[in-house]
K.L.:
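Can you keep this structure in mind? I'll have questions shortly.
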Amino acid sequence: MNRYASVIAIESPSKVDDEQWLAYWIIYSFLTLMEMLLQPVLEWIPFWYDLKLVFVAWLVLPQFKGAAFLYHRFVRENIRKYGLVDGNWKSPSGKGKNKFVDFITNKKGEHEAS
């Protein structure tokens, strides 16, 4: 259902629904990652899957627009803080790309010469 609705949103001329579905997939991916990392702890929470179902419904239902709300409230704030909006990643110190990103993006041999 979610994938079908995402395709319909992309194909529609309106960009409002695109934002909702992109925000949904960002939040849902983060939820899935956290769920994988915290699986041993979550097994002890008796109603975890019921809570997750309600949360995902809140994220996806157009009456609530939970995904867009969380994106604008939390995710967007951090993206702007680290300068990811314009495609130029900045470290919290403001010195441009950090050394790890520079190391990963350099071609083989370039980082050895410096």
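As the structure is a computational prediction, the values presented were derived from the model and not from experiment.
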K.L.:
Report all side-chain donor-acceptor pairs from residues 49-60 shorter than 3.5 Å, counting only partners two or more places apart or in another chain.
P.N.:
residue	atom	partner	partner atom	Å
K52	NZ	E35	OE1	2.7
K52	NZ	E35	OE2	3.4

K.L.:
Working to the nearest 0.5 Å, report the span between CG of L42 and CE of M34.
P.N.:
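So the gap between those two atoms works out to 10.5 Å.
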
K.L.:
Let me confirm one number: the OH-CG distance from Y24 to L31, rounded to the nearest 0.5 Å.
P.N.:
8.5 Å

K.L.:
What donor-acceptor contacts under 3.5 angstrom involve side-chain atoms of residues 64-75, with partners at least two apart or in another chain?
P.N.:
residue	atom	partner	partner atom	Å
H72	ND1	R76	NH1	3.4
H72	NE2	E19	OE2	2.5

K.L.:
Side chain to side chain contact (heavy atoms under 4.5 Å, CB included) with L33: which residues, sequence neighbours excluded?
P.N.:
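Side chain to side chain contact (heavy atoms under 4.5 Å, CB included) check on L33 returns L37.
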
K.L.:
Starting from W25, can I reach I27 by hopping between I/L/V/M/F/W/Y residues whose side chains sit under 4.5 Å apart?
P.N.:
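In one cluster: yes.
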
